[in-house]
Amino acid sequence: MSEKVLEIRDLRVTFDTPSGPLEAVRGVDLDVSAGELLGVVGESGSGKSVSFLATMGLLPARARVTGSVLLAGEQLIGASNKYMRSVRGRLLSMIFQDPLSALNPVHRIGNQIAEMLQSHQDLSKRDAEKRAIELLDIVGIPQPSERATQFPHEFSGGMRQRVVIAIAIANNPKVLIADEPTTALDVTVQAQILEVIERVQERFGTAVVLITHDLGVIARVADRVNVMYAGRNVEQGTIDSLFDHPSHPYTRGLLASLPGPGKQRLKPITGFPPNMLNPPKGCAFHTRCEYAAEICKLDLPELQTFGDLQTACVRVKELPKAEIRV
Amino acid sequence: MPGLTQGSALSEQNEKDLSPRQMALRRFVSHKAAVVSCIIIGVLALFVILAPFTARYGVNQSVQAPPNSFLSPRSNAWLGTDDIGRDLYSRLIYGVRVSLLIGLASAVISVTLGALVGAVAGFRGGKFDDILMRVTDLFLAFPFLVTLLVVRNVLGGLPWLKPLTGEMNSVRFIIVLFSIFGWMGVARIVRGQVLSLKEREFVEAARAVGASRRYIIARHLLPNSVGPIMVALTFSVVGAIIGESTLAFFGYGPQAGDGATSLGILVGAAKGAVQTGFWWLAVFPCFVLIIIALSINFIGDALRDATDPRLDRGA
Amino acid sequence: MLRYIFRRLAWSIPTLLLVTFLVYLALRIGTNPVESYKRVNPRASRAKIQQYIDVNGLDPNFVQGYFKWLKNFITGDWAPSIKGRREVWPALKDAMANTLRLGTAATVVGIFFGLIFGVLAALRPGGRRDVFINTSAFVGISIPPFISAILLQLLFAVYWQRWFGFSLFPTSGVYPAGHTGFDLFLMLKFMALPTIIVAIQVIATYSRYMRSSLLDVLNSDYMRTARSKGISERRILIKHGMRNALIPVVTIAALDVGSIVGGLIITENIFSYPGMGLYFLKSFGEGDFPLLMPWMVVIVASILLFNLIADISYAWLDPRIRLE
Ligand SMILES: Nc1ncnc2c1ncn2[C@@H]1O[C@H](COP(=O)(O)OP(=O)(O)OP(=O)(O)O)[C@@H](O)[C@H]1O
Ligand code: SF4
Ligand SMILES: [Mg+2]
């Protein structure tokens, strides 16, 4: 395996809310290697966004973040604001879910890209704007030099998301975090955006973290997958091992709820994700797990390695073999 | 088995969630200034209702035989006396009584009127809505005092309105005047609320089953606008009380006939007291007016926060 | 853009006509100009009265009368005031100049501080500074201007004189009685209290607008994008925050002339400041139709003008708006 650019260890994030502390992320361990595409999946509220916002240092001040995040060997947790500013946009970039609101409505597209360039490189305004036009071309925007002088409202949703990607890759970052970049777009556009991301990844060797609800997307583009539930990762591994023989009951549930050829009916996971103000003791999934036993309510299961897969389930050895194939 | 676990997950959430009304109440109570304001207004209301017991003298009664004018605060006149020797403290009680009456009466009338007009305008849209918005725009764009004075005179200048409005310097006239002014703001608020509610499922559903327009307005739209209407009501009370004082201050308020007085009349008298340095005549009425305006505004603000969670910004 | 402005200006003419007609009606009904004339000039001859009726367009038929008034108004054939037969234009011109001075001073001071306080409050919402600014602003808008005028006057003019032997701020007029010529320092001194009183209202209003507008902006997605670029907080606030936050505020500001003029009327009256407000209250009190109508035209025209300015500045600040 190639060198690791991002190493997250025991990341925890707690929000002070009016109803008490809410631990949204409860000890996440995760690695991203150079040039790979890591998929992160999990239900809404499982802590995907919060984990990576914490990595970027973009959480509001009332969030308490502990643990360790090493980016190319440098510690980010507890780093100075100044250092974090120099990291954001240069080594680490993030794309957000809603392209419609992610761009500032009052500034020109070219200007918004140039701003990213100039904040980390010593470029003249003219050079920055020239480079911005090249970037627009790279992400597949036709007539980039005219488009650069337009405002966000003159772009469609898919085009705006391309602009957001152009901004994110402007300084050729080591890691690009894409937080549900296609959720707000319609299906054909989704595929195009994924293509752009893959192209960028190949061309610049950027490591990409793709956060999504959609296992289908993961199956298409990711090298490895990380499954999150209730603020922890419950399973991670290479794409083949996870899709071929998923171990964790939650992963199996996710796969079972996926539409696919040769499947008669979808089997959604019953129940609701837990209330994070007061998560269940032990394995957080036991309220919904069909294999749950008393032992599951005792301790938080840790990740254990089985071949290419790491799984956090105390009963993993006793579970029947997965019958799921995609 | 899955059914069971699902049930327990649900009940766990229910414990944390309160009904919207309880949430609103809790938010209101957490607004300390509003709670204090409620107490202040309550005490004031008690004083005013019990005027025969709380006031020390009659409205027009002098505290002692002449010389009794412009006495500074002392034991037989706690807040001093005015130009003809009447007790300011007692007159304030009677004045606040009239002012609160004006405030409440015109607020209730204008809010009722405004809620109806706003609901119909928002629901029907079209021409009626257009005209309503234009007219209120025009009124709101003009300097308030100018419109107030002009409309006041127009009302007084139309003889056939006499049976409704009474004499121009009566309290009834003032109430009619502020009702005419007050409904516009309320109508706008309710209209906006109705426009946003109109798109929501339960109204669509009611429409789909063929409920009449009047039924939908009465059963769905107005009850769901209770929050904004309550807020509008409190702000109209302040608006009318301040409006009355402003009118009286410029000499267009109700007249002190029959020995009645109002906060406005007392504040108006303060104007003359400034240069001569009879500070109590200026300070106490102004102070009472400020306290009333502030308290009711705080209550209205807290009501708004409590009933409109959108404004509740924790970040 | 220019075409839009011209079209809007062209459109404002019928609006102006309609509104002045309404005002004409209201004044005819509300102030009964003919009766007022007879009351003020009890010995006026029948011919005089008829002449007054003719030149002011006070015919029994309101529509005919309005057009007569309009014709005379446009051709510059303005009737003199009913009391003392003063020329209207010079009086109106002076009043406008005085009010413009006071209003501009108060608005500039008020909006400047209002915006600063609003930003300071929004930067740390819920913090002690925010609570202080927000509560003060709330108190500020709750106190009607004539109350603060009375209290400030009592303190700074009357009691200051008693305690310290001189009056800190004069309480009436633009200059002391008998003063002639221009004296900036004296003028500022006389303008200080009225300016403060109008400015208090403006500060209170705008700090609240600015706070809520900026809070909305600070919570928006594009601010997060800006932050993820690694640019400095100050630059994020100025380049990305302020411009967006100002869009609604500027629009409201231009639409707010009505309420600022309202505050001016009250303040001018209390300080006997010879501006538009005092002019209005005096002529309204006397039912002086020849003085009132031109005043109304000026007010309506300036409201329309500021509406136009609001739309233009809105379009100028916000590229999403196209003026068509
Ligand atoms: N600023 C915040 N203050 C308080 N709680 C927060 C905040 N942001 C997120 N949370 C909580 O943290 C938990 C995880 O949220 P997060 O946004 O990471 O979920 P997610 O996995 O990204 O879900 P989605 O798929 O919906 O984006 C949720 O319970 C959420 O309520
Ligand atoms: S630990 Fe128990 S409850 Fe959790 S996933 Fe494994 S079997 Fe299910
Ligand atoms: Mg998310």
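Note on naming: letters A, B, ... go to the chains in the order of the sequence lines (proteins, then strands), and numbering restarts at 1 for each one. In this text the structure is predicted, and so the values were computed from the model without any measurement.
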**Item:** C:Arg162 versus chain B, the contacting section by heavy-atom distance below 4.5 Å
**Value:** side chain
**Request:** Establish, yes or no, whether a centroid distance under 6.0 Å links the rings of B:Trp280 and B:Phe284.
**Result:** no
**Message:** Please classify the contact of C:Ile299 with chain B as side chain, backbone, both or neither, using a heavy-atom distance under 4.5 Å.
**Reply:** side chain
**Item:** B:Leu177 vs B:Leu247 side-chain heavy atoms within contact, under 4.5 Å
**Value:** yes
**Complete:** When the 4.5 angstrom heavy-atom criterion is applied to B:Ser245 and chain C, the contacting part is both
**Message:** Working to the nearest 0.5 angstrom, can you tell me the gap between B:Met184 CE and B:Met133 CE?
**Reply:** 10.5 Å
**Prompt:** Can you tell me how far the CG atom of B:Leu132 sits from the OG1 atom of B:Thr136, to the nearest 0.5 Å?
**Reply:** 5.0 Å
**Pair C:Thr20-C:Tyr66, side-chain donor/acceptor within less than 3.5 Å** = yes
**Prompt:** Heavy-atom distance under 4.5 Å to chain B: side chain of C:Leu151, backbone, both or neither?
**Reply:** side chain
**Message:** Please classify the contact between C:Phe306 and chain B as side chain, backbone, both or neither, with a heavy-atom cut-off of under 4.5 Å.
**Reply:** neither
**Complete:** Bottom line for C:Ser148: the part with an atom under 4.5 Å from chain B's heavy atoms is neither
**Item:** Between C:Thr99 and C:Glu268, a side-chain donor and acceptor under 3.5 Å
**Value:** yes
**Fill in**
Heaviest contributor of heavy-atom pairs below 4.5 Å to chain B, chosen from C:Ile265, C:Val139, C:Asn269, C:Val261, is C:Asn269
**Message:** Between B:Leu155 and chain C, with a heavy-atom cut-off of 4.5 Å, which part of the residue counts as in contact: side chain, backbone, both or neither?
**Reply:** neither
**Request:** Can you tell which part of B:Leu294 gets under 4.5 Å to a heavy atom of chain C, answering side chain, backbone, both or neither?
**Result:** both
**Request:** Let me know if C:Ile266 has heavy atoms under 4.5 Å from chain B in its side chain, its backbone, both or neither.
**Result:** both
**Asked** Which region of B:Leu289, side chain (C-beta onward) or backbone (N, CA, C, O), has a non-hydrogen atom less than 4.5 Å from a non-hydrogen atom of chain C, or is it both or neither?
**Response** side chain
**Message:** Determine whether the aromatic ring centres of residues B:Phe181 and B:Phe144 are separated by less than 6.0 angstrom.
**Reply:** yes
**Complete:** All heavy atoms of C:Met210 vs all of C:Ala245, minimum pair found to be CE-CB, 3.8 Å
**Request:** Sort B:Phe142 into side chain, backbone, both or neither according to what part of it lies under 4.5 angstrom from a heavy atom of chain C.
**Result:** both
**Item:** B:Phe287 versus chain C, the contacting section by heavy-atom distance below 4.5 Å
**Value:** neither
**Message:** For the residue pair B:Asn297 / C:Ser142, report whether a side-chain donor-acceptor contact shorter than 3.5 Å exists.
**Reply:** yes
